[in-house]
Visitor: 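For reference, the structure I am asking about is given below.
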Amino acid sequence: MALLVKSDIDRGREWDEAFARAMPGLEVRNWPDLGRLDEIDYAFVWKPLPGELKSYPNLKVIFSMGAGIDHLTSDPELPKHLPIVRLVEPGLTEGMSQYVVMAVLAQHRFLLDYAEQRRRKAWQELPQVAAGDRRVGIMGLGALGGDAARKLLPFGFDLAGWSRTPKDIPGVAGFHGDAGLGPFLERTDILVCLLPLTPATEGILCAETFARLPRGAAVINVARGAHLVEKDLIAALDSGQLSGATLDVFEVEPPSPDSPIWTHPRIAMTPHIASMPIVASAAQSVADNIRRFEAGEPLLHLFDWEHGY
Ligand code: OXD
C-alpha cells in the first residue's frame, strides 16, 4: 500500500518516520519521487499541481494536508468521484487556538496602539478593559473554531459564536444562520473568522459586515484570504469603523509589494503560518483513517460537496 506525501515545506524524512510509526507497512512516496503512479493508493497533499491527482489511476482517497480543501477543489481536473478528507488533527487545532488566543489578547491589550506609540517614542498608558467587558465573536465553530472558543473561555471574555447550523458550546452564546448574523455582529468587539471557504462565505468580511460591528471593533482573519475584501477593510480602518486587524491570510499570497496591507499601522500580519500540521499527530490521524477505509468503515472528516466543507 503506497501513500503519496506532498508538503510545501521540506520536512526531510520526518513524514517517512512518522508514518513508519503510525502505520508500519505503509510505503511513503515523497513527491516528486513517485515511482509507478499506478501503485499509489492514497495521497496526502498540500497544493498539488493542477491536474496532478487525476494521474494516479488507482487512487482511493485524497487527504488534505490542511484544514481547508480549496487548494484541492480549485483544480478543474480534480477526480471528483474520490473521497476528500479534511485534516483534523490535534497539532493543527492546538496551533490555531494558540494563534487565535494570541491575536485576541493582542487586540484586547492594544498592542497595535503600543507599537504605534513606540514608533513615535511616545509613552502613554491606555485604560485596561476587563475581559468580561470585551465581546469576542468567532465565526465558524467547527473543529478549529470550537477549540479556539474553549481556549478563550478561561480568560473571561464575553464569548459568542456564529455558525451555519446551531452549535452548543457551554459558555459561548450561540448564533446561527442568516438570521443570527446581524445580532452576532452587533455584539462583537473582536471578530475572529475561522469559517470554511464556500460560495456562501466568500467575501463575508466586507463593508456591510464591518458596518454592523460596533464602532472601533477589530477583525482577525485566520481562515482564507477570499473571506476578506481587503479594500473594504482598509476603508473601515481608515474611517475608524474598525480599530485594527490581524491577518494571516490574504487575497493574494504574498500581497503585492504595493499593497497597503504591508504598511498599514492598524494591521498586524503574518505569512499564513497560523497553524501547520504537526508531523507525528497528522500522520497518526491519516493512518487511522486509512485503517478505517481499508476495514470498510466510514472515513472521518469527509469533505461534503453539498455544504462546501
Ligand atoms: C490549512 C491552512 O488549511 O494552513 O490548514 O491554511
Side-chain angles (χ1 to χ4, degrees), residues 5-11 14-15 18 31 43-50 52-53 61-75 78 83-103 138-149 151 163 192-205 219-228 230 245-255 261 268-286 288-289 299-305 307-309:
V5 174
K6 181 173 191 281
S7 161
D8 60 340
I9 29 180
D10 182 13
R11 309 243 203 189
E14 271 185 83
W15 286 115
W31 192 89
F44 178 38
V45 286
W46 179 250
K47 294 189 179 166
L49 303 173
E52 184 185 343
L53 291 171
V61 181
I62 301 169
F63 292 93
S64 169
M65 198 182 282
I69 46 74
D70 46 310
H71 65 110
L72 301 170
T73 53
S74 58
D75 178 357
L78 182 75
I84 299 179
V85 176
R86 293 177 292 116
L87 184 61
V88 177
E89 66 95 2
L92 191 73
T93 306
E94 179 186 301
M96 185 56 87
S97 292
Q98 288 170 2
Y99 190 99
V100 170
V101 168
M102 171 188 76
I138 303 187
M139 298 178 108
L141 291 175
L144 298 179
D147 190 73
K151 301 265 163 63
S163 44
V192 180
C193 178
L194 266 168
L195 288 166
L197 183 63
T198 69
T201 65
E202 187 168 343
I204 196 166
L205 301 176
V219 169
I220 296 166
N221 189 19
V222 275
R224 282 291 178 264
H227 284 119
L228 174 69
E230 289 177 2
T246 305
L247 305 180
D248 183 58
V249 286
F250 304 87
E251 283 171 0
V252 177
E253 295 183 2
I261 300 264
M269 69 183 281
T270 45
H272 200 145
I273 50 72
S275 190
M276 292 175 205
I278 298 294
V279 171
S281 48
Q284 189 64 54
S285 133
V286 172
D288 290 348
N289 237 343
L299 287 161
L300 301 176
H301 318 303
L302 199 57
F303 169 66
D304 172 346
W305 282 96
H307 293 125
Y309 59 90

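Each residue takes its place number in the sequence, starting with 1. Everything numeric in this text was worked out from a predicted model, so none of it was measured. Order of listing sets the numbers, starting from 1, for every ligand and every atom in it.
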Visitor: Roughly how far apart are Ser64 OG and Leu87 CG, rounded to 0.5 Å?
Guide: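 Answer rounded to 0.5 Å: 6.5 Å.
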
Visitor: Any idea how Trp305 and Phe303 line up, ring-wise: parallel (<30°), tilted (30 to 60°), or perpendicular (>60°)?
Guide: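 If you compare the ring of Trp305 with that of Phe303, the planes turn out perpendicular.
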
Visitor: Using distance alone, with no hydrogens and no angle criterion, decide if Tyr99 and Thr270 have a side-chain donor and acceptor under 3.5 Å apart.
Guide: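 On atom types as modelled, these side chains qualify, holding a pair under 3.5 Å.
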
Visitor: Return a yes/no value for Ala223: is any of its N or O atoms, backbone included, closer than 3.5 angstrom to an N or O of ligand 1?
Guide: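 No.
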
Visitor: Starting from atom 2 (C) of ligand 1, locate the nearest protein heavy atom and write down its residue, its atom name and how far away it is, to 0.1 Å.
Guide: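 Ranked first by proximity to atom 2 (C) of ligand 1 is His272 NE2, 3.5 Å.
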
Visitor: Under a 4.0 Å heavy-atom limit, does Ser275 contact ligand 1 with its side chain, its backbone, both, or neither?
Guide: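 Backbone only.
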
Visitor: Please work out whether any backbone atom (N, CA, C, O) or any side-chain heavy atom from C-beta onward of Arg224 is under 4.0 Å from ligand 1, and answer side chain, backbone, both or neither.
Guide: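 Side chain only.
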
Visitor: Can you measure from CG (Leu49) to NZ (Lys47) and round to the nearest 0.5 angstrom?
Guide: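 Leu49 atom CG to Lys47 atom NZ measures 12.0 Å (nearest 0.5 Å).
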
Visitor: I need the atoms of ligand 1 closer than 4.0 Å to a non-hydrogen atom of Gly66, numbered in the order shown.
Guide: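 Heavy-atom distances to Gly66 below 4.0 Å select 1 (C), 3 (O), 5 (O).
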
Visitor: Closer than 4.0 Å to some heavy atom of Gly68 - which atoms of ligand 1 meet that?
Guide: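 That gives atoms 1 (C), 3 (O) of ligand 1.
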
Visitor: Quick one: do the Asp147 and Thr93 side chains pair a donor with an acceptor below 3.5 Å?
Guide: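 Thr93 and Asp147 do not have a side-chain donor-acceptor pair below 3.5 Å.
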
Visitor: Parallel, tilted or perpendicular: which describes the rings of His272 and Trp46, with under 30° parallel and over 60° perpendicular?
Guide: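 The rings of His272 and Trp46 stand perpendicular, inter-plane angle above 60°.
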
Visitor: May I ask you to check if ligand 1 and Ala67 share an N or O to N or O distance below 3.5 Å?
Guide: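 Between Ala67 and ligand 1, an N or O pair is found under 3.5 Å apart.
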
